[in-house]
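The structure under discussion appears below in the form of structure tokens.
The sequence lines fix the lettering, A, B, ..., with proteins before strands; numbering per chain opens at 1.
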Amino acid sequence: MTSGHILSTATIDRLILPGELSVQEIEASYPARALPAGAEVMRTAPSPTGYLHIGTLYTALICKIVARQTGGIYALRMEDTDQKREVEGARELIMELLEDFDLMYDEGPVVGGDKGEYGPYTQSQRGNLYYAYVRRMLEQGHAYPCFMTPEELETMVAGQIQQKIRPGYYGQWAAWRDRPETEVIAALDAGKPFVIRFRSLGNGNKKRVVEDRIKGRKELPENDNNIVLIKRDGLPTYHLAHIVDDHLMHTTTVLRADEWFSSVTLHIQLAEAVGVAPFTYAHIAPIQKMDGSSRRKLSKRKDPEASASTYLQQGYPTVAVAEYLLLLANSNFEDWRVENPGKSYLDFPFRLEKMQKNSGALISLQKLDDISQNYLAKLAPGELLSQASEWAGRFDQALQITLQANPSYTEKVFNIERSGGQRKDITKFSELRGAYGFFFDDIYKQITDFDFGQIEKSDVAAIITAFLQTYNLNHTQEEWFENIKRLGSQLGFTPNTREYRQNPDAFKGSVAEVAMVLRVALTGRNRSPNLYDVMQVMGKERLTVRLSHFAST
RNA sequence: GGCCCCUUCGUCUAGUGGUCCAGGACGUCAGGUUCUCAUCCUGAAGAUCGCGGGUUCGACUCCCGCAGGGGUCACCA
């Protein structure tokens, strides 16, 4: 199976020091998992190079659901082998946000260590593992050192492109692939830095059939690139790390972004060369967005909607975000949701095979809003209060204090028109202040512009005075409304809105205007939930205090 | 540029040879109920299934070509 020159042990020792553990010993310490048949071991593997990308959330969600439904494991692995791109604090942020979105993993890095027996779950801590495998590859001739400088490489690739040859380190271009050992020793003696490359046996002109759980049976060209396994800085590349890690962690299905699809044949080859069983893959299309007239995948740098924390900040319930993502993944989730209103989305029978094969869906904030609205509308008042307070605690602390000052009052406020999920006026927690703030005296007090529209000031005072004299907390809604009609008509406002519409000059307005005056005075806004309910919740004292400011003296 | 993948209403999609002159959801528009808003109800517009060829009695569904879009060709993941 091997070809080319196999270096002597003495030379290999200068490349990679023999580790404490051999491959055999390592494998023995990562035994097969004791899981029920059919259990899936899934993992999500972000790089700590910035905020948590919505795509990472997406894969994490799928991993969690699949693992949960098959009685398997969902793990987090921190892929931090690119120290140049690493962003301070990113790993903690990723871990926190996954927890915020209720996507806590069964295994993975946690504050102060690791959770799980198949770690370490941070790649920068797994050096000895990678070295053991690479050493064995070296010994078997599946890998070799390359002393080409980055500048030489760049020149080579530029030349290939200019000659319209497929760029890469392969075939005649693989300069160090078959150098005699004496040259390797000479370069080592000269202290030249090096990388370790994969001695690919592939033929770029041949095809290979690959099976993908989402994309199905596809044909890809074999890989012939002698890709880098260990970088100059001693850290592994993604390719090597993926093979070693997923093998040792016993990942059953490698779920990753579509951009990896064309590397599948490379990874199959690598698995063979490393001496491990090939993996089952599932490649998921990236979430895209419209940019001018073309679409592109969500960019970390340009698009705020690519960041998971944006949704949290804006106050979308995490469940709504998860359900939106789930809908993108399996479109029949929508029907299931309607049929199973009480169940958790985690119970949705998810199928990887049902995921879309196309090149990626456009993100739709309108759809997210709709899902969020429906979710919030069905929330029990107590639950709404607890979620809203939690959000406010992080993003609007004054609001949190207001909401919690009198919890039973807040719950009554949230209970208005809530039976049956009728009040779909809130899309996210950040809208709470604007929509319901007026119920709370500290927020109401800040209102300065009471806009009564076309209604004369004297009429405003007259209506409010008359109302204050006749209001009775014990009125039913019918009695209450009759009262408003009556006092309105005594002041020149017809109880019949249609009549007013047909003959606007005969009246000052209709009962609608009368109610509007009361509404504006009480809430500072010209739109509110059912006024009767608003008054019932506010109670006589608060109502009297507020209305008295507008009454005639 | 080479290679790979994809292509159904504005958006997300259902659809695997006849049940589809294509169904649903979101969005949009119109009307109705209503004290405003939000609901709710009724209805409407919206895809010649990217285009062109085949195969077939019959194609959104199978085959070929083309076009468009996306991805990939790093000592980044």
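- Counting non-hydrogen atoms under 4.0 angstrom, A:Lys164 reaches nothing in the nucleic acid.
- Below the 3.5 angstrom threshold, one finds a donor paired with an acceptor across the side chain of A:Asn530 and the base of B:C35.
- Residue A:Leu531 is in base contact, counting any heavy-atom pair closer than 4.0 Å across all strands shown.
- If you check every strand for non-hydrogen atoms under 4.0 Å, A:Met290 touches nothing.
- Contact of the A:Ser200 side chain with the A:Gln269 side chain is registered, since non-hydrogen atoms from C-beta on lie closer than 4.5 Å.
- Residues A:Phe550 and A:Phe452 bring their aromatic ring centres within 6.0 Å.
- Other residues, nucleotides and ligands contribute at most 12 non-hydrogen atoms within 6.0 Å of the CD atom of A:Glu456.
- Remark: B:A77 base-pairs with no nucleotide; criterion is Watson-Crick or G-U wobble with both hydrogen-bond distances under 3.5 Å.
- One finds no salt bridge joining A:Lys206 and A:Glu222 here, because no Lys/Arg side-chain nitrogen approaches an Asp/Glu carboxylate oxygen to under 4.0 Å.
- If you check B:C20 for Watson-Crick or wobble pairing at under 3.5 angstrom, you find it has no partner at all.
- As judged by a 4.0 angstrom heavy-atom cut-off over every strand, A:Leu153 is placed among the base-contacting residues.
- On the C1' atoms, B:A67 is 10 Å away from B:G52, given to the nearest whole Å.
- Between B:G54 and B:U13, the two C1' atoms lie 29 Å apart (nearest whole Å).
- Within the structure, a side-chain polar atom (N or O) of A:Lys231 is placed less than 4.0 Å from OP1 or OP2 of B:A77.
- Nucleic acid contact class of A:Glu222 (heavy atoms, under 4.0 Å, all strands): none.
- Searching all strands for a Watson-Crick or G-U wobble partner of B:C66 with both distances below 3.5 Å returns B:G50.
- Residue A:Lys424 has a polar side-chain atom (N or O) positioned under 4.0 Å from OP1 or OP2 of B:C40.
- For the pair A:Lys485 and A:Glu482, the salt-bridge criterion is met [side-chain N within less than 4.0 Å of a carboxylate O].
- Remark: the separation of the P atoms in B:U48 and B:G10 is 8 Å, to the nearest Å.
- Judged by distance alone with a 3.5 Å cut-off, a donor-acceptor contact links the side chain of A:Arg519 to the base of B:C35.
- Counting any heavy atom pair closer than 4.0 Å across all strands shown, A:Phe261 reaches sugar-phosphate atoms only and no base atom.
- Among the protein residues, A:Lys485 comes within range of no part of the nucleic acid, since none of its heavy atoms lies under 4.0 Å from any strand.
- Side-chain nitrogen and oxygen atoms of A:Lys207 include none within less than 4.0 Å of the OP1 or OP2 phosphate oxygen of B:C3.
- Residue contacts shown for A:Pro286 are absent, as no nucleic acid heavy atom lies under 4.0 Å away.
- Between A:Arg166 and A:Asp224 there is a salt bridge, with a side-chain nitrogen of the basic residue lying less than 4.0 Å from a carboxylate oxygen of the acidic one.
- The base of B:C37 lies close enough to the side chain of A:Arg423 for a donor and an acceptor atom to sit less than 3.5 Å apart.
- Comparing B:C75, B:C35, B:G27 against the side chain of A:Gln366 picks out B:G27 as the nearest.
- If you check every strand for non-hydrogen atoms under 4.0 Å, A:Pro221 touches sugar and phosphate atoms only.
- A:Glu79 comes within 4.0 angstrom of the backbone, heavy atoms only, and of no base.
- Phosphate contact (OP1/OP2 of B:C75, side-chain N/O of A:Arg197, threshold under 4.0 Å): present.
- Comparing B:G24 with B:G46, their C1' atoms are spaced 14 Å from each other, to the whole Å.
- B:C49 and B:C9 have their P atoms separated by 10 Å, given to the nearest Å.
- Remark: A:Lys215 is not in phosphate contact with B:C6, judged by side-chain N or O atoms under 4.0 Å from OP1 or OP2.
- Atom C1' of B:C6 sits at a distance of 33 Å from the matching atom of B:A44, rounded to the whole Å.
- Using C1' as the reference atom, B:U7 and B:U61 are 14 Å apart when rounded to the nearest Å.
- Across all strands shown, B:A25 pairs with B:U11; the Watson-Crick or G-U wobble distances both stay below 3.5 Å.
- Across all strands shown, B:C60 has no partner, as no Watson-Crick or G-U wobble contact with both distances under 3.5 Å is found.
- Residue A:Lys357 places its NZ atom among more than 12 non-hydrogen atoms of other residues, nucleotides or ligands, all under 6.0 Å distant.
- Nearest to the side chain of A:Val511, among B:G24, B:G71, B:C35, sits B:C35.
- For B:C12, one of the phosphate oxygens OP1 or OP2 lies less than 4.0 angstrom from a side-chain nitrogen or oxygen of A:Arg295.
- The side chain of A:Gln356 places no N or O atom within less than 4.0 Å of a non-bridging phosphate oxygen (OP1 or OP2) of B:C12.
- Side chains of A:Arg423 and A:Phe414 form no contact here, defined as non-hydrogen atoms less than 4.5 Å apart.
- Among the atoms of the strands shown, base atoms are found under 4.0 Å from some heavy atom of A:Arg232.
- Here, B:G23 and B:U16 have their P atoms 15 Å apart, quoted to the whole Å.
- Across all strands shown, B:G2 forms a Watson-Crick or G-U wobble pair with B:U72, both key distances being under 3.5 Å.
- Between B:A77 and A:Thr81, a contact under 4.0 Å exists linking OP1 or OP2 to a side-chain N or O.
- Both distances falling under 3.5 Å, in either a Watson-Crick or a G-U wobble arrangement, place B:U42 opposite B:A30.
- Contact annotation: A:Asn358 side-chain N/O to B:U13 OP1/OP2 distance is under 4.0 Å.
- Backbone-only contact: A:Ser331 has heavy atoms under 4.0 Å from sugar-phosphate atoms and none from a base.
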